[in-house]
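Taking it in order: structure first as structure tokens, then the write-up.
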Amino acid sequence: MAQNQLDALDKKILQLISGDARIPFLEVARLCNVSGAAIHQRIQKLYAQEVIKGSVFLIDPEKVGYSTCAFVGLNLQDPSKFDPVVEALRSIPEVVECHYTTGDYDIFIKIYAQDNHHLLNVIHDKLQPLGLSRSETIISFGSAFTRQLPIMGEGEAKDAE
């Protein structure tokens with residue numbers, strides 16, 4: 001994957017909007033000392049480059065009835081079925097993340113369920129029919145924190161290049 005070249009203004013915009021996705025463009029413009037039109041154009045460019053992939057409202061899963069969070073490592077009986085399995089996982093609403101990984105699993109997913117019984121049903125009724133040789137489930141007691149990645153500024157090089 002090619003890394004986009006971001007200048008100082010792009011990075012400042014990303015810092016501001018990642019901190020508050022609802023910040024008005026005119027406020028971003030004021031904080032960056034540029035016009036509102038310039039901010040609009042930059043944000044459109046960042047969307048076009050897929051640096052920004054959207055904006056969402058974050059919903060607390062527990063507040064809408066999903067009290068169980070689990071991470072599940074999946075091993076496929078037939079690795080050639082990888083793409084169809086990923087597409088099938090995409091259609092399961094309880095699966096909120098799907099990762100290609102190295103290590104012990106072919107695929108690693110994150111699931112939200114209403115409770116442990118619902119989780120069992122998702123695993124038994126929706127995951128097992130996908131052709132798994134085995135799976136391993138890790139239930140989360142809660143997230144210590146989640147955050148956006150920091151936007152690296154000038155002089156913040158990657159370690160050990």
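Along the sequence shown, residues are numbered consecutively beginning with 1.
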Hydrophobic cluster identity match, [X] and [Y], side-chain contacts under 4.5 Å:
{"X": "I139", "Y": "V122", "answer": "yes"}
{"X": "I109", "Y": "L120", "answer": "no"}
{"X": "I123", "Y": "V86", "answer": "yes"}
{"X": "V95", "Y": "L132", "answer": "yes"}

Could you measure the distance from the [atom1] atom of [X] to the [atom2] atom of [Y]? Nearest 0.5 Å is fine.
{"X": "Q49", "Y": "Q5", "atom1": "CD", "atom2": "CD", "result": "9.5 Å"}
{"X": "S133", "Y": "N75", "atom1": "OG", "atom2": "CG", "result": "4.5 Å"}
{"X": "L46", "Y": "I52", "atom1": "CG", "atom2": "CD1", "result": "4.5 Å"}
{"X": "S67", "Y": "L119", "atom1": "OG", "atom2": "CG", "result": "10.0 Å"}

Distance-only check: which donor-acceptor pairs under 3.5 Å involve side-chain atoms of residues 16-29, not counting sequence neighbours?
residue: S18; atom: OG; partner: L14; partner atom: O; Å: 2.8
residue: S18; atom: OG; partner: Q15; partner atom: O; Å: 3.3
residue: D20; atom: OD1; partner: R22; partner atom: N; Å: 3.0
residue: E27; atom: OE1; partner: R30; partner atom: NE; Å: 3.2
residue: E27; atom: OE2; partner: R30; partner atom: NH2; Å: 2.6

Legend entry - Nearest heavy atoms of S140 and F71, plus distance in Å: CB-CE1, 4.0 Å
Legend entry - Closest approach of P129 to H124 (non-hydrogen atoms, all atoms of both residues): CD-O, 3.5 Å
Got a sec, which hydrophobics cluster with [X], joining ILVMFWY side chains under 4.5 Å apart, including via others?
{"X": "F141", "result": "none"}
{"X": "L58", "result": "V56"}
{"X": "V64", "result": "I59, Y66, V96, Y112"}

Name all residues meeting the side chain to side chain donor-acceptor pair (under 3.5 Å) criterion together with [X]; count only those two or more places apart in sequence or in a different chain, and write none if there are none.
{"X": "K126", "answer": "E94"}
{"X": "Q114", "answer": "none"}
{"X": "H99", "answer": "E97"}
{"X": "Y105", "answer": "E136"}

Legend entry - Residue pairs passing the salt bridge (Lys or Arg N to Asp or Glu O under 4.0 Å) test where at least one lies in residues 78-87, sequence neighbours excluded: E87-R90
Inset, instruction - Write out all pairs satisfying salt bridge (Lys or Arg N to Asp or Glu O under 4.0 Å) with one or both partners inside residues 114-125, taking only residues at least two apart or from two chains. - result: none
Inset, instruction - Kindly indicate whether the side chain of C98, heavy atoms from C-beta on, has any atom under 4.5 Å from the side chain of I107. - result: yes
Under 3.5 Å, side-chain donor or acceptor atoms of residues 32-43 against the rest of the protein: list the pairs with distances, not counting sequence neighbours.
residue: S35; atom: OG; partner: A38; partner atom: N; Å: 3.0
residue: R42; atom: NH1; partner: D7; partner atom: OD1; Å: 2.8
residue: R42; atom: NH1; partner: D7; partner atom: OD2; Å: 2.9
residue: R42; atom: NH1; partner: D10; partner atom: OD1; Å: 2.8
residue: R42; atom: NH2; partner: D7; partner atom: OD2; Å: 3.1

Legend entry - D106 side-chain N/O to L76 backbone N/O, donor-acceptor pair under 3.5 Å: yes
Legend entry - Derivation and outcome, side-chain contact (heavy atoms from CB on, under 4.5 Å), residues I111 and I92: CA-CA 9 Å; I111 295 177; I92 300 171; over 6 Å; no
Inset, instruction - Give every residue pair that meets the ring pair (Phe, Tyr, Trp, His ring centres under 6.0 Å) criterion with at least one member in residues 73-96, sequence neighbours excluded. - result: F82-Y100
